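Counting starts at 1 for both ligands and their atoms, following the listed order. The structure presented is a predicted model; accordingly, all values stated were derived computationally and were not measured.
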Amino acid sequence: MVFDAWSDSSARAVLQLMVESVAEMVGFEVAVLSVVIGDDLVTVAYAGPEEHRAHVEATDPVSVIEPVLARSEPWGERLRFIEGASLDELEGHWVEVDQVPSAEPDAWRADSGLLAVLSDDGGTVVGILSVDRPSSGRRPGERERALLERYAAQAERAVLTAFEREAMIQRINHAESARRLIRTASMPAHPSLEAVLRDAHEPLVAGFDARGTWLHVFAADGPGTGMIRNHEGEELSLPEDIVELAKAFAPQLWAEQRVFLIEADEPAPGVPDSVLQHLGDRGLASMIGVPLGVGAECVGFLALSRRPYQPAWSQAEMDFSLQVGHDLGAALMTARALERERALVRELKELDDYRTQLFATLSHELRTPLTVIAGNLELLGGLELDEAVARLHGAMSRGADRMQRTVDDLMLLARMSHPRHPLVRLPIDLRAVTDDVVSMLDSTARAKGIALDTRLADASLVVPGDATEIDQLVGNLVSNAVKYTPPGGTVVLSADRVDEHVVVRVADTGLGIAEEDQARIFRAFYRTENPAALSEPGTGLGLAIVATVVERHGGRLDVASRLGEGTTFTVALPAARAG
Ligand code: ADP
């Protein structure tokens, strides 16, 4: 339906009214208005008998006007009269209404036609208004022609205004779709600053009909980063003083929620000549400066430029640009926070790598001299020693043993954290592991007066994993339970099958672990400050090993404890698939 060619229906309503009043006031039964949209001549308004309405809906190339005008007789600035010659080319923009001509010499005939050619300031045709069927039955006289000429001038203005409105609406629609695009383009799941700066350019240029964009994001502690690009997306550079000026100005604009318009040929307060000069040098007519931010914080700014032949910035466009400032501000803020987080993770990782490296080197270096010491102590132990020397020998042997255990733990931790030591999984039966652990610790438990029980389910307790690591995992939990449980207590080691997991549980009735310590005990070298726990020998490495082993095996680790009542560690490891 041609009447829908324009998006702004209120503009069409104005034109319709215009046409109706022309018909009525100048005394014609029929009036038709067609306007030029793009390369087409499109009928947009009609006044006259209903039965003719269907004939006045047409879209034709603009060129159809030319031959008709060539055959016409000028009746004024805009009016053209036609008679005798066919008006076929304009069919649909004009109604041929049969009228029985009177005998008068100035009678209106069926082939008479009167058009007003509407043009813009530059003389380009923007539409035609045609009238037919004068109520007098005659050609309009001097007075009516003058009146019609006046109405045509008004129609011309109405059409031009409608065009301007339409162009503006189109631009706003563009800006709106640009806003949507920016929202989606600049907010992927994990946006990087660079991606936001890069991806916003195209929708901004398209949406705001801009010649170029300049997007800058402030850094918390430095000059920040910016990107200036022309229409084709090439990166450009700007003089330093302009960059500084924009940076200083943006927070103020954000505080006032305002967009700043600079026009090359219009000096304005606060705008140095160098800026105007720069715009002129680049062949730009105008620029808007838009602050970007979130809440009270201005995070950067955006500048959009236009060339002289492009339309001036409308208020609506500037308002939209400020909304885009909010969207981009949010996107940049998220990206900046994520970037900081990534940097922090990198630093922590480096620190962790360093620590692992230190562990590995230290334990390696200690191992050889320790072997020598232990070997010699063993040799000494085989000799007849007098009592005092035997006591010293015993103390040295216990010390060497402790060092040996620490070094072993450190080496195991370092090995597990090393990327070149991936986990090699073999089927490990937890039934066998628990048997080994219990037979190793049973005498210690018994000597301390602690009952060490095992409860194993009948189901398969096989997990895919590393034998040494799983051994350490269960061994450390049970030896801790025995170590931190006073005489008379109980330690229960159970293993069960729960869905796809083998669940190992070590429960004791010992010292318990304070709530605030429960998250920290898995860190390397961490020992609680509980004096009763500290009186037991330990390095603080056992649970760090447990946590690392569980993580490497894709399992879960939990601790439930109450100070003075006891502790239960629960480990769930993915079970081996049957068959
Ligand atoms: P270590 O036993 O060598 O000190 P761990 O890493 O094995 O080191 O344990 C860290 C700390 O957690 C211990 O110092 C102890 O305070 C506490 N802890 C571990 N297991 C238990 C337990 N079963 N009952 C009470 N406290 C425990």
Centres of the W214 and F301 rings: under 6.0 Å?
yes
Under 3.5 Å, is there a donor-acceptor pair between the Y526 and D517 side chains?
yes
Would you call D401 and R398 a salt bridge, taking side-chain N to carboxylate O under 4.0 Å as the test?
no
Name the residues with a heavy atom less than 4.0 Å from ligand 1?
N480, A481, K483, Y484, D508, G512, I513, I521, Y526, R527, T528, A533, G538, T539, G540, L541, G542, L543, T567, F569
Exam field: side chain W254 to backbone G295, donor-acceptor pair closer than 3.5 Å
yes
State whether the side chain of R431 and the backbone N or O of A457 hold a donor-acceptor pair below 3.5 Å, judged by distance alone.
yes
Do the side chain of E317 and the main chain of S314 share a donor and acceptor less than 3.5 angstrom apart?
yes
